[in-house]
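Side-chain atoms are counted along with the backbone in the values below, which use heavy atoms only and exclude waters and symmetry mates. Given the structure is predicted, the values throughout are model-derived calculations rather than measurements.
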Amino acid sequence: MYGFCSMKEPNSALPRYILINWVGEDVPDARKCSCASHVATVAEFFQGVDIIINASSVEDMDPSAVGQRLSNGLVAVASPVLNRLRLKDEEQAENVGTKYQKTNAEVEMKKINREEFWEQAKREEELRKEAERKKLAEERQRFEEERMELEKKEQEDRERRYREKEEQIEEHRKKLQEEEEAWEKIRNQTLIMDLLSLSADSGEL
């Protein structure tokens, strides 16, 4: 993180401008070196930085200590790392005997954004998978409900056809019984007629 502030000395008419480069104590050394390469670019942006304070604790930014540095004329002095980086930019030459490469702030931000992008993509992928699992479970439940409903309907259709068959059988049985009774009645009537006919013949004799 960076802080930009001003401090007015008692014997000076104009304020002095201070750039604070804050890097926490627990930050790895490699990360500190990478962040240090950005300080020169930030200082150039403000144009008028009198002193750069590299701080990792509140004590490093004590106003009295900062005022002492201003009084001693320690102004516009960066760390040795920043000086080497500035010379490298000005001379456009490679640093012989080292593989160190300056970390560009814009590139670093893109890297961070890329990492955030992949983290976001990972979270979205997990959400997508969870949504798919939920959708699959809902489809499975809906399929099971439809299957049970279909089985219920088929069972009702079978029972309906069974009742209709039973009714048809009963109607056919009744019809046969009625026909049998009709034939029995006809036979009885025929028998009676025959008996009457015989009786009449016997009377004539």
Side-chain angles (χ1 to χ4, degrees), residues 1-4 20-39 41-42 45-46 54-58 61 99-204:
M1 295 188 295
Y2 301 98
F4 186 68
I20 300 174
N21 173 38
W22 174 273
V23 181
E25 295 180 350
D26 297 331
V27 176
D29 293 338
R31 187 65 176 172
K32 289 180 179 179
C33 184
S34 175
C35 293
S37 65
H38 304 160
V39 180
T41 303
V42 176
F45 172 79
F46 285 104
N54 295 309
S56 59
S57 65
V58 178
M61 298 181 294
K99 294 182 179 179
Y100 176 82
Q101 294 182 354
K102 178 181 177 180
T103 302
N104 184 279
E106 183 178 358
V107 174
E108 190 71 14
M109 287 302 297
K110 288 182 178 179
K111 179 180 178 181
I112 294 174
N113 291 337
R114 189 162 56 248
E115 292 174 351
E116 292 177 350
F117 169 80
W118 287 116
E119 286 295 327
Q120 180 66 20
K122 183 178 179 181
R123 289 192 294 269
E124 291 178 353
E125 179 65 15
E126 290 297 330
L127 291 175
R128 186 188 65 80
K129 289 182 179 179
E130 181 63 24
E132 287 183 352
R133 286 192 291 267
K134 184 178 179 180
K135 181 179 179 181
L136 183 61
E138 291 176 350
E139 290 179 351
R140 187 181 295 110
Q141 181 179 359
R142 184 169 61 253
F143 173 80
E144 186 66 17
E145 291 175 352
E146 291 176 353
R147 184 185 64 80
M148 293 177 64
E149 184 66 23
L150 180 61
E151 290 180 354
K152 180 180 178 181
K153 185 177 180 181
E154 291 176 350
Q155 179 65 22
E156 291 175 350
D157 290 340
R158 285 194 295 269
E159 292 176 356
R160 179 180 55 79
R161 289 193 298 269
Y162 179 79
R163 288 194 299 269
E164 291 176 352
K165 187 67 174 178
E166 288 290 326
E167 291 174 356
Q168 290 176 358
I169 293 174
E170 182 64 20
E171 289 177 358
H172 184 66
R173 186 186 66 78
K174 288 180 179 180
K175 184 177 181 180
L176 292 177
Q177 183 177 359
E178 290 173 355
E179 290 177 354
E180 182 66 24
E181 290 175 353
W183 281 108
E184 184 67 23
K185 185 176 180 180
I186 292 172
R187 284 196 297 271
N188 291 337
Q189 290 177 352
T190 302
L191 180 60
I192 292 172
M193 292 297 294
D194 291 339
L195 291 173
L196 291 174
S197 178
L198 289 175
S199 298
D201 292 339
S202 297
E204 292 177 358

Non-neighbouring partners of [X] that pass salt bridge (charged side-chain N to carboxylate O under 4.0 Å, His left out), sequence neighbours left out:
| X | answer |
| --- | --- |
| Glu125 | Arg128 |
| Glu144 | Arg147 |
| Glu178 | none |

(message) Checking Glu25 now: which residues fulfil side chain to side chain donor-acceptor pair (under 3.5 Å) with it, not counting sequence neighbours?
(response) none
(request) Please determine which of Lys152, Glu159, Glu151 meets the side chain to side chain donor-acceptor pair (under 3.5 Å) test together with Gln155. (result) Glu159
(request) Apply the side chain to side chain donor-acceptor pair (under 3.5 Å) test between Tyr162 and each candidate in Arg158, Glu164, Lys165, Glu166; give the one that qualifies. (result) Glu166
(message) As an exercise, state the distance from CD1 of Ile186 to CD of Gln189, rounded to the nearest 0.5 Å.
(response) 7.0 Å
(request) Taking the side chain as every heavy atom from C-beta outward, state whether Leu150 and Glu154 have any atom pair closer than 4.5 Å. (result) yes
(request) Indicate yes or no: at least one non-hydrogen side-chain atom of Leu136 is less than 4.5 angstrom from one of Glu132. (result) no
(request) State plainly whether the residues Arg187 and Glu180 are in salt-bridge range, i.e. N to O under 4.0 Å. (result) yes
(request) Report the residues that fulfil side chain to side chain contact (heavy atoms under 4.5 Å, CB included) with Leu127, sequence neighbours left out, ordered by chain and then residue number. (result) none
(request) Could you tell me which residues satisfy side chain to side chain contact (heavy atoms under 4.5 Å, CB included) with Glu179, sequence neighbours excluded, listed by chain and number? (result) Lys175, Leu176
